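All remarks here apply to the structure that follows.
The sequence lines fix the lettering, A, B, ..., with proteins before strands; numbering per chain opens at 1. None of these values were measured; they are calculated from a predicted model.
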Protein chains: 2
Amino acid sequence: MSFNILYLHLDYTRRKMFSKACKYAINAMIYVATLPEGQERAGLKEISKAINSPEAFTAKILQELVRHDLFSSVKGPNGGFHIQGNPNKIFLSEIVEAIDGDMLFTGCALGLEKCSEDHPCPVHHKFLAIRDHLTGMLMTTSLRDVADRVNIGISFLKY
Amino acid sequence: MSFNILYLHLDYTRRKMFSKACKYAINAMIYVATLPEGQERAGLKEISKAINSPEAFTAKILQELVRHDLFSSVKGPNGGFHIQGNPNKIFLSEIVEAIDGDMLFTGCALGLEKCSEDHPCPVHHKFLAIRDHLTGMLMTTSLRDVADRVNIGISFLKY
DNA sequence: ATATTAAAGGACAAAAATATCCTTTAATCT
DNA sequence: AGATTAAAGGATATTTTTGTCCTTTAATAT
């Protein structure tokens, strides 16, 4: 039952920019940011249903976000997760960095250990602009920004 | 012997844009593109030494590049790999697509199955520009471009 | 106080990516 | 033709990422 695995298992032709864990993290935080005032806390089940993610795995990621002070959590009845701080001042870059780290922003695109201006990889200069563009965008896009788009119905968290 | 694994094995804080396989592929092709006229073919050992990559794994990747008509290969003594076609007309995008697929260019950043203008994810519009920037760069940067930089000594394939 | 609820945490499982080894195939060289 | 060389391909191993399950901890509600 493998058409394109005819040739080796080097078929992973579906590499994306972020890890799944990171996507779940971003989606989860956006979802919680969309909740109305007075009820801005949501439980694991609610969150993973809202963003269509595997519950147990999502739990691990939410824990990680709590450790990174992006969420805070409350146990027991009516417990759950709420955003730690002001969604206007939480940026996508912080979520990405919490889960995927900063290699996307700082690491060499070609994997050179000591890639730098002095000792650049062959695509160093080409990627500088891309990286700046990407990190600039992530560092200026707040949770509020994107959550509002969901709330007014012009963007979506699942399917 | 695990300091930052104190908390779960969700520590993969080193996500990069491309897979390792893809980096090896790009580096390998750049290396072969740097070879002087008349000897523009290199064997697996030479290549993986030049780009500092694991030999056997690199072999698989070179095979894949041959299947994608980016390299052609010759067996036996003095065999090896040479670039199939004109390095001026081979672009980084083709190598990335051969190994990592086109999800980086076309896939939704947040993993929405049917992310589109009509039904966009919360960061759709923000990522459009990034993606265009990235793919534009990859589609216009030729192997010759980057190989020349290595040849004149202003960029490097290892360390 | 006790029961209930929900997150935290540990152990484990499955899948994908990375990597190695060994055999087979096809060139070249003698 | 036979020996040698190097890529192709198959099998397998390791590591990382993704995912599940079950117990423990700490809140709330009765």
*asked:* I want to verify a distance call: between dT18(D), dA7(C), dG9(C), whose nearest atom is closest to the F81(A) side chain?
replied: dA7(C)
*Mapping P54(A) and G76(A) to their closest nucleotides on DNA chain D, which lands nearer the 5' end?*
P54(A)
*To the nearest angstrom, how far is K45(B) atom NZ from dT5(D) atom C1'?*
9 Å
*Test for a donor-acceptor pair under 3.5 Å between the base of dG19(D) and the side chain of E55(A), counting only N and O atoms.*
no
*Does a side-chain N or O from K60(A) land closer than 4.0 Å to OP1 or OP2 of dT17(D), or not?*
no
*F57(A) with L65(A), same ILVMFWY side-chain cluster at under 4.5 Å*: yes
_N78(B) CG - dT5(D) P separation (whole Å)_ = 11 Å
*When the distance from CG of L62(B) to P of dA8(D) is rounded to whole Å, what number comes out?*
8 Å
*asked:* Taking 4.0 Å as the cut-off, does a side-chain nitrogen or oxygen of Y24(B) come that near to OP1 or OP2 on dT18(C)?
replied: no
*In this structure, are over 12 heavy atoms from other groups packed under 6.0 Å from N78(B) atom CG?*
no
*Is there a side-chain polar atom (N or O) of R67(B) under 4.0 Å from OP1 or OP2 of dG9(D)?*
yes
*Options dT18(C), dA27(C), dA7(C), nucleotide nearest the side-chain atoms of L44(A)*: dA7(C)
*Side-chain contact test, heavy atoms from C-beta onward, threshold under 4.5 Å: evaluate it for F81(A) versus V66(A) and give yes or no.*
yes
_Rounded to whole Å, how long is the line connecting atom NZ of K49(A) with atom C1' of dA6(C)?_
15 Å
_With a 4.0 Å cutoff (strictly under), does any side-chain N or O of S73(A) reach OP1 or OP2 of dA6(C)?_
no
*Checking N151(A) side chain against T34(A) main chain: does a donor-acceptor pair fall under 3.5 Å?*
yes
*Could you note down all residue pairs passing ring-ring contact (aromatic ring centres under 6.0 Å, His included) where residues 85-108 of chain A supplies at least one of them, sequence neighbours left out?*
none
*Write down the distance between CD1 (I61(B)) and C1' (dG9(D)), rounded to a whole number of angstrom.*
15 Å
*Any donor-acceptor pair under 3.5 Å between the side chain of K75(B) and the base of dT25(C)?*
yes
*Give the nucleotide from the list dT20(D), dT20(C), dA8(C) with an atom nearest to the side chain of F57(B).*
dT20(C)
_Euclidean distance, atom CZ of residue R15(B) to atom C1' of dA17(C) [Å, nearest integer]_ = 11 Å
*Nearest to the side chain of P77(A), which nucleotide is it out of dA29(D), dT18(D), dA27(C)?*
dA29(D)
*Send over the distance from K16(A) NZ to dA17(C) P, rounded to a whole Å.*
11 Å
*CD of Q63(B) versus P of dA6(D): gap in Å, rounded?*
16 Å
